[in-house]
Q: 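First the structure, which I've put down as structure tokens, then a few questions once you've had a look.
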Amino acid sequence: MTARLRFSPAPTGYLHVGGARTALFNWLYARRVGGTFVLRIEDTDADRSRPELVEAIYDSLRWLGVDWDEEYHQSDRFEAYREVAQSFLDKGLAYYCDCSQDDVKARVGDKGAGYDGHCRQRDVQPGEGVVVRFRTPDEGLITWDDLIRGRVEFDATTLEDFIIVRSNGVPMFHLANAYDDYDMGITHVVRGEDLVNTTPRVILLREALGATEHPIYAHLPLIVNEQRKKLSKRRDDVAVGDYRSRGYLPEAMRNYLVTLGWGPKDDIEIRPLVEIIEQFDLADINKAPAFFDVKKLDHFNGEYIRELDVDEFITQSTPYINDAYGSIDPALYRRLAPFVQERVRRFDESPRFINWIVATPPEPTEKDWRKVMQKDKVPEVLDLVIEQIEAAEWTPERMSEIILGAGEQLGVKSQLPVRLALTGQRSGIPLFEPMVELDREVVLNRLRTARAAL
RNA sequence: GCCCCCAUCGUUCAGCGGCCUAGGACGCCUGCCUUUCACGCAGGUAACACGGGUUCAAAUCCCGUUGGGGGUGCCA
């Protein structure tokens, strides 16, 4: 039998890195074993689901290179869910209940064990404010062998009679989810650990459906923030789309995500996707939650950026450049880009490196000024450089000779003061090649201004 | 409250009873390269939460403690 896996997001928000990793692990495994990867949009809650978010989820998934073989929307399948609910009703596996949430709370208290089974024998008829509840067993053990967690057991007495159809007639997620996995022949369910507690319900529902076998479950450890809490779309900055627009490469994101909860046997973390697919196995995923470390992501991204062809780097970084400076001369950027590519970890860092060429350089910080300009012989260096530059041949070679020569002549290091005068910063791309992109007068002006400020 | 889960360097992955004086990566620090920065290279820093067992032998197995997390919706 060929493996069938699915990613089933609810379109109630943008795809965040946790969901992306879940999708990725499902996809990786499907690709690894030559199985089928299904995308199923779980939009049973019309109040919270938004169609435009479905588009956003597609975008993020595609960006990451996660492609799907089949696609379903639960909102298209309500009829089937209602039929299932009706058949449960007919068989006595489910019953109508007209208790309001307040009624239940009044009987069992605030922190009680959920619903108390009040309507089990009351023979409530369908109508306004009436839900359908699934009759859970009063005793017994519900168990499964989780690929990641090992054997998991739940005592049936801890399970309440949960709702499968809302009072507005719309099926609840458990029902839709259980039926779809059954109907679609899903063989491996790989999802976040926050869903372990719902697994017993799903198993019960499947059995009611007549399933004799269950999929293999694998509950992934959560991705957490620095406070070690589950990532939240509201609190944490985690939308995949945001990383995309900040200038992360999908390859880097994908590669980094895969190292959260899993690692290749040979310890080589940054590697081509095909090799990851070859090595990936659900059984090797660990149980402990993992912190999403942007610093490490940045490192991965930097590695991937440096591996790019210059042309590719240019096309990818140009939008950020144009965004910062308006449209700049492509030929100029082509000359500068190789220097930038070696230094950035994200595309959105690119503009900063050429600010002194295409715009006004920033004011040096006081600290930088002190550390660089209040050194011995700095006035002499600047004077010498200004003097020689006035009539020099305008080539990088000459610039190098003049600037470095001044230092040699005076017995000090001369690049830093010139750099600070010209760029306003102590660090950045090389000086000599880029500076001849500037007009001689601009260079002299910056030099003279700095000299005057000493 | 109740149910469930987790626990190796700051972070992440490795380790699945002896190969561990615990390894890789990120971060951080040092040096080399370079008259900037970055890259690269060479080093360094730093962890088995605690307490009991089991065993000839435990980071690895068992129990407890502590700490952390998830769930507990007519959300998914």
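Protein chains get the first letters and strands the later ones, always in sequence-line order, with residue 1 at the start of each.
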Q: Expressed as a whole number of angstroms, how long is the span from A/R271:CZ to B/C13:P?
A: 17 Å

Q: Which atom pair, heavy atoms only, marks the closest approach of A/V165 to A/A85?
A: CG2-CB, 3.5 Å

Q: Any base atoms under 4.0 Å from A/S8, or only sugar-phosphate, or nothing? Heavy atoms, all strands.
A: nothing

Q: Describe the nucleic acid contact of A/L416 in one word from base, sugar-phosphate, nothing, applying a heavy-atom distance below 4.0 Å.
A: sugar-phosphate

Q: Regarding A/D102 and A/S100, is there a side-chain donor-to-acceptor distance under 3.5 Å anywhere?
A: no

Q: Taking B/G67 as the reference, what is the distance to B/C20 when you measure between their P atoms (whole Å, please)?
A: 35 Å

Q: Could you list the protein-to-nucleotides 16-20 of chain B atom pairs, N/O on both sides, closer than 3.5 Å?
A:
none

Q: Assess the pair A/F347 and A/F313: is the distance between their ring centroids shorter than 6.0 Å?
A: yes

Q: Can you check the distance between B/G24 and B/A14, where both ends of the measurement are the P atom (answer in whole Å)?
A: 15 Å

Q: If I pick the C1' atom on B/U11 and the same atom on B/C16, what distance separates them, to the nearest angstrom?
A: 23 Å

Q: Consider the side chain of A/M172, meaning its heavy atoms from C-beta on, and name the nucleotide among B/C39, B/G71, B/C75 that approaches it most closely.
A: B/C75

Q: Without decimals, in angstroms, what is the distance between A/K413 NZ and B/C37 P?
A: 9 Å

Q: With respect to the side chain of A/I163, which nucleotide from B/G71, B/C74, B/C13 is positioned closest?
A: B/C74

Q: Fit a plane to each ring of A/F78 and A/Y81, take the angle between them on a 0 to 90° scale, and name the class: parallel (under 30°), tilted (30 to 60°) or perpendicular (over 60°).
A: tilted

Q: OP1 or OP2 of B/C74 versus the side-chain N and O atoms of A/S100: is any pair under 4.0 Å?
A: no

Q: Between B/C37 and B/C48, how many Å separate the two P atoms, rounded to a whole number?
A: 37 Å

Q: Give the nucleotide from the list B/C26, B/C3, B/A76 with an atom nearest to the side chain of A/T158.
A: B/C3

Q: Does B/A76 have OP1 or OP2 under 4.0 Å away from a side-chain N or O of A/R166?
A: yes

Q: Atom CG of A/N286 and atom P of B/U12: how far apart are they, to the nearest Å?
A: 10 Å

Q: Would you indicate what A/E303 reaches in the nucleic acid, counting non-hydrogen atoms under 4.0 angstrom: base, sugar-phosphate, or nothing?
A: sugar-phosphate

Q: So, OP1 or OP2 of B/U36: does either fall under 4.0 Å of a side-chain N or O from A/Q415?
A: no

Q: Would you say A/R50 places a side-chain N or O within less than 4.0 Å of OP1 or OP2 belonging to B/C75?
A: no

Q: For nucleotides B/G23 and B/U60, find the distance between their C1' atoms and express it as a whole number of Å.
A: 15 Å

Q: Determine, for A/F134 and A/R201, whether the Lys NZ or Arg CZ falls below 6.0 Å from the six-membered ring centre while staying within 45 degrees of the axis.
A: no

Q: Provide the distance between the two C1' atoms, one in B/C4 and one in B/A38, to the nearest whole Å.
A: 48 Å

Q: Just checking A/F154: base, sugar-phosphate only, or nothing, at a heavy-atom cut-off of under 4.0 Å?
A: sugar-phosphate

Q: If we take the P atom in both B/G70 and B/A57, what is their distance in whole Å?
A: 40 Å

Q: Is the side chain of A/T199 donor-acceptor paired with the backbone N or O of A/V196 at a distance under 3.5 Å, no angle test?
A: yes

Q: Base, sugar-phosphate or nothing for A/F173? Non-hydrogen atoms, less than 4.0 Å.
A: base

Q: Whole-Å distance between B/C74 C1' and A/D102 CG?
A: 13 Å

Q: In residues 356-383 of chain A, which residues come under 4.0 Å of RNA chain B by heavy atom?
A: none

Q: Which residues pass the side-chain hydrogen bond (donor to acceptor under 3.5 Å, both in side chains) test with A/R346, sequence neighbours left out?
A: A/Y248, A/D348

Q: Quickly, which of A/I285, A/N286, A/I223, A/L297 forms a side chain to side chain contact (heavy atoms under 4.5 Å, CB included) with A/L260? Name it, please.
A: A/I223

Q: From B/C37, B/C5, B/G23, pick the nucleotide closest to the side chain of A/S427?
A: B/C37

Q: Of the options B/C74, B/C13, B/A38, whose atoms approach the side-chain atoms of A/R343 most closely?
A: B/A38

Q: Would you mind classifying the nucleic acid contact of A/I270 as base, sugar-phosphate or nothing, using non-hydrogen atoms under 4.0 angstrom?
A: nothing

Q: I'd like to know if A/E349 pairs up with A/R343 as an ion pair, taking the criterion as any Lys NZ or Arg NE/NH1/NH2 lying under 4.0 Å from an Asp or Glu carboxylate oxygen.
A: no

Q: Does the distance from a Lys or Arg side-chain N to an Asp or Glu carboxylate O, for A/E269 and A/K296, drop under 4.0 Å?
A: yes

Q: With P as the reference atom in both, quote the distance from B/A7 to B/C63 in angstrom, rounded to an integer.
A: 14 Å

Q: For the pair made of CD in A/E226 and P in B/U12, what is the distance, rounded to whole Å?
A: 12 Å

Q: By nearest heavy atom, map A/G407 and A/D155 onto RNA chain B; which one lands nearer the 5' end?
A: A/D155

Q: For A/T12, report the nucleic acid contact type (base, sugar-phosphate, nothing); a contact means any heavy atom under 4.0 Å.
A: nothing

Q: Hey, which of these two, A/D194 or A/L297, hits RNA chain B nearer its 5' end, going by closest nucleotide?
A: A/L297

Q: Students often get this wrong, so: under 4.0 angstrom with heavy atoms, is A/E342 touching a base, only sugar-phosphate, or nothing?
A: base

Q: Any idea which of B/A76, B/C74, B/U36 is nearest the A/V131 side chain?
A: B/C74

Q: Suppose we call a contact any N or O donor and acceptor under 3.5 Å apart; does that hold for the side chain of A/R426 and the base of B/C37?
A: no

Q: Rounding to a whole Å, what distance do you find between A/R151:CZ and B/C4:P?
A: 15 Å

Q: Would you please name every residue forming a salt bridge (Lys or Arg N to Asp or Glu O under 4.0 Å) with A/R50, sequence neighbours left out?
A: A/E52

Q: Which atoms of nucleotides 62-69 of chain B (N or O only) lie under 3.5 Å from a protein N or O atom, and what are those distances?
A:
unit_1, atom_1, unit_2, atom_2, d
B/G69, OP1, A/K229, NZ, 2.4

Q: Can you pull out every salt bridge (charged side-chain N to carboxylate O under 4.0 Å, His left out) where at least one residue sits in residues 352-376 of chain A? Sequence neighbours excluded, please.
A: A/D368-A/R426

Q: Determine whether a donor-acceptor pair (N or O, by modelled atom type, separation under 3.5 Å) exists between the side chain of A/Q425 and the backbone of A/T423.
A: yes

Q: Less than 3.5 Å between a donor and an acceptor, one on the side chain of A/N197 and one on the base of B/G70, is that the case here?
A: yes

Q: Regarding A/D181 and A/R40, does a basic nitrogen lie under 4.0 Å from an acidic carboxylate oxygen?
A: yes

Q: Quick check for you: among B/G71, B/C26, B/C74, whose closest atom lies nearest to any side-chain atom of A/H299?
A: B/C26

Q: Any salt bridge between A/R6 and A/D180, counting N to O under 4.0 Å?
A: no

